[in-house]
Amino acid sequence: MQVKAPRGTYDILPNDSVKWQYIEKIMKDSAESFGFREIRTPLFEHTELFQRGVGQGTDIVSKEMYTFNDRSQRSLTLRPEGTAPCARVLIEHGVFSGVMPVKWYYQGPMFRYDRPQTGRYRQFHQFGVEAFGSNNPYLDAEVIILLVEIFSRLGLSDYELHLNSVGCSVCRDAYRQKLLHYIAPLKERLCQDCRQRYFQNPLRVLDCKIEACHQAIVGYPTIYDSLCPYCQEHYSRVKVALEDNGISYIHDNNLVRGLDYYSNTAFEIHLPGIGAQSAVGGGGRYDGLVKALGGPDIPGIGFALGMERLLLALDRLGKREFSQPSLDAFVVVMNDSYEMQGLQLLNELRRKGIRADKDYGGRSGKAQMKYAGKTAARFVVLVGEEEVEKGFWTLRDMQNKEQFQLGQEELISSIRCVIEAK
RNA sequence: GUGGAUGUAGCUCAGUCGGCUAGAGCACCAGAUUGUGGCUCUGGGGGCCGUGGGUUCAAGUCCCAUCAUCCACCCCA
């Protein structure tokens, strides 16, 4: 055991791959039913895109990026998230001059250098959606409804949806000042981390997990009370839209998102019961992002889901049985001298859309039968002396052990008849 | 980056107070009178006991380091 997958990465073997395909299909179908279309962007981008798009002050940019120089000394970074690349595409291809809003979904690996633990990897996978070009609060609601729809289709109903508004740049700056004033005299009672946060990102003090910090700042001004009239109006429309569509949520004054570009609506979806990394999805509005990247002033909203956490949740709280793909037919060659007849038959079956295989391990006829049993093939086709000489194939139905001697046309139509009935 | 737990066969694990060629179940391969699967039985292959050092007559077992995994902090999806 010398070569191992790098720390924080892992392999998806065929038995698990089936689970991925299952959730990927649900996500794709859900997003498409809401009018989103797939976008695929490179796995790496210019480092600058994330520095500007995600924010210099964030943990992601300051300590979690896989950044390297290529052979021409360009600084590139393995994408840590999917929103900034989408915004880049919007600008680069002038998509914003077409029909708006633009609604995209994406799925694929993201990279962050962080300490691995349950539900947290260095190469992890996100499914996300982005909608650019409208600041209509009902679009916020639609995006959240899609998120909830995916959970519902996955059979994960015990989620908690947290909702807040972080305001626009104007009311957030005003709030920030208010909060700084409030906390300043209480600073001594905060934990080390929070004293740091006070300077770097005071809003983060609010979601410190240490109880003493909560007590120290009890009675603090909430951003909710500091929203400007526009942001208030926006937020209340989002809430009404959710309520009228039967989506329950928890207003959470402490919900602040980590990435710099968020504005107004912010949300997170949690699944208690999958360990400490319970935030399975999160997102919000990012009205300043496209402009910050040098494009026009175009608003946007989106979310991202952590695939690994969803799979973990499915395993602990939901669906656990996944059907594995199986063969329709297995060709058993009873005698080496008929190997070529077996191969030709195999290829013909495959050409006719029958999922078929044969042994390549030089096994005896009996061992091939065993092998066929393990592949869970529905039928076995026997190729031996009698068959080749008399010009038929022996078809064995592995479920009821019935055997028939059939010509090739009949053989194929019999197999197809059964598999199409499934 | 910080703290804690754990590393023995492909997988799940046993291995006493340091003491013989390191075990089991599952999985894999072969056979049970030679053209027929699942059950059963018999046999077989497979282990630098994570890696490197140390203590000892003797280390899977004790000590140190390192790497990795897991749990939590942190952060986030």
S.K.: With a 4.0 Å limit, can you tell me whether A:Arg363 has a side-chain N or O closer than that to the phosphate oxygens OP1/OP2 of B:C29?
M.R.: yes
S.K.: Please state whether the rings of A:Tyr121 and A:Tyr10 are parallel, tilted or perpendicular, taking 30° and 60° as the class boundaries.
M.R.: tilted
S.K.: Could you check whether the side chain of A:Arg120 and the base of B:C70 have a donor-acceptor pair of N or O atoms closer than 3.5 Å, going by distance alone?
M.R.: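 Not at all, since no donor on one side and acceptor on the other fall under 3.5 Å apart.
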S.K.: For the residue pair A:Gln56 and A:Ser62, confirm or rule out a side-chain donor-acceptor distance under 3.5 Å.
M.R.: no
S.K.: Taking atom C1' of B:C76 as reference, at what distance in whole Å does atom NE2 of A:His125 sit?
M.R.: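 Rounded to the whole Å, the gap is 17 Å.
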S.K.: Measure the acute angle between the ring planes of A:Phe132 and A:Trp104, then classify it against the limits of 30° and 60° as parallel, tilted or perpendicular.
M.R.: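 The rings of A:Phe132 and A:Trp104 stand perpendicular, inter-plane angle above 60°.
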S.K.: NA contact type, A:Leu382, heavy-atom cut-off 4.0 Å: base, sugar-phosphate, or nothing?
M.R.: base
S.K.: Between A:Gln117 and B:A72, does any side-chain N or O lie under 4.0 Å from OP1 or OP2?
M.R.: yes
S.K.: Taking the P atom of each, how far is B:A59 from B:G54, in whole Å?
M.R.: 12 Å
S.K.: Looking at A:Gly384 and A:Met334, what are the two nearest heavy atoms and their distance?
M.R.: CA-CB, 4.2 Å
S.K.: Does a side chain donor of either A:Glu130 or A:Tyr286 reach within less than 3.5 Å of an acceptor in the other side chain?
M.R.: yes
S.K.: If I pick the C1' atom on B:U12 and the same atom on B:G19, what distance separates them, to the nearest angstrom?
M.R.: 28 Å
S.K.: Between the side-chain atoms of A:Gln403 and the base atoms of B:U36, is any donor-acceptor pair under 3.5 Å?
M.R.: yes
S.K.: Just checking, any donor-acceptor pair under 3.5 angstrom between side chains of A:Arg363 and A:Gln368?
M.R.: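 The answer is no; no qualifying pair exists.
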S.K.: Dot-bracket for RNA chain B, 5' to 3', with Watson-Crick and G-U pairs under 3.5 Å, [ ] for crossing pairs and | for other-strand pairs: what is it?
M.R.: (((((((..((((.....[...)))).(((((.......))))).....(((((..]....))))))))))))....
S.K.: Let me know, please, whether A:Val280 or A:Val383 comes out on the 5' side of the other along RNA chain B by nearest nucleotide.
M.R.: A:Val383
S.K.: By the 4.0 Å heavy-atom rule, please label A:Tyr121 as base, sugar-phosphate, or nothing.
M.R.: base
S.K.: Expressed as a whole number of Å, how far does the P atom of B:U8 sit from that of B:U69?
M.R.: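 Straight-line distance between the two P atoms is 14 Å.
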S.K.: Compare side-chain N and O positions of A:Lys4 against OP1 and OP2 of B:G50 and report whether any pair is under 4.0 Å apart.
M.R.: no
S.K.: Expressed in whole Å, how much space separates the C1' atoms belonging to B:G10 and B:A27?
M.R.: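 Those two atoms are separated by 7 Å.
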S.K.: Once rounded to the nearest 0.5 Å, what's the spacing between atom CD1 of A:Ile301 and atom CZ of A:Arg285?
M.R.: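 Taking CD1 in A:Ile301 and CZ in A:Arg285, the distance rounds to 5.0 Å.
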S.K.: Which word best sums up how the rings of A:Phe151 and A:Tyr159 line up, parallel for under 30°, tilted for 30 to 60°, or perpendicular for over 60°?
M.R.: perpendicular
S.K.: Return whichever of A:Tyr113 or A:Gly282 has its heavy-atom-nearest nucleotide of RNA chain B closer to the 5' end.
M.R.: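 Closer to the 5' end of RNA chain B: A:Tyr113.
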S.K.: Write down the distance separating the C1' atoms in B:G52 and B:G45, rounded off to the nearest Å.
M.R.: 30 Å
S.K.: Answer with yes or no whether A:Arg115 presents, from its side chain, a donor or acceptor under 3.5 Å of a partner atom in the base of B:U2.
M.R.: yes
S.K.: If you measure from the C1' atom in B:C28 to the same atom in B:U61, how many Å do you get, rounded?
M.R.: 30 Å
S.K.: In residues 300-308 of chain A, what residues come within less than 4.0 Å of RNA chain B, judged by heavy atoms?
M.R.: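 Residues of residues 300-308 of chain A under 4.0 Å from RNA chain B: A:Ala304, A:Gly306.
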S.K.: For the C1' atoms, the ones on B:G44 and on B:U6, what distance do you get once it is rounded to whole angstrom?
M.R.: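 About 33 Å, rounded to a whole number of Å.
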S.K.: If I take atom CH2 in residue A:Trp393 and atom P in nucleotide B:G35, what distance separates them, rounded to the nearest angstrom?
M.R.: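 Atom CH2 in A:Trp393 sits about 18 Å away from atom P in B:G35.
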S.K.: Step by step, work out the side chain to side chain contact (heavy atoms under 4.5 Å, CB included) result for A:Ile145 and A:Phe34.
M.R.: CA-CA 10 Å; A:Ile145 290 169; A:Phe34 277 62; 3.9 Å; yes
S.K.: Would you indicate what A:Gln368 reaches in the nucleic acid, counting non-hydrogen atoms under 4.0 angstrom: base, sugar-phosphate, or nothing?
M.R.: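 Nothing, no heavy atom under 4.0 Å.
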S.K.: Below 3.5 Å between N/O atoms, which protein atoms pair up with nucleotides 38-40 of chain B? Just atom names and distances, please.
M.R.:
residue: B:G38; atom: O6; partner: A:Lys401; partner atom: NZ; Å: 3.3

S.K.: Counting just side-chain N and O atoms, does A:Arg112 come under 4.0 Å of either OP1 or OP2 of B:C76?
M.R.: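 So the side-chain polar atoms of A:Arg112 never come under 4.0 Å of the phosphate oxygens OP1 or OP2 of B:C76.
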S.K.: Tell me what A:Gln277 touches on the nucleic acid: a base, only sugar-phosphate, or nothing, going by heavy atoms under 4.0 Å.
M.R.: base
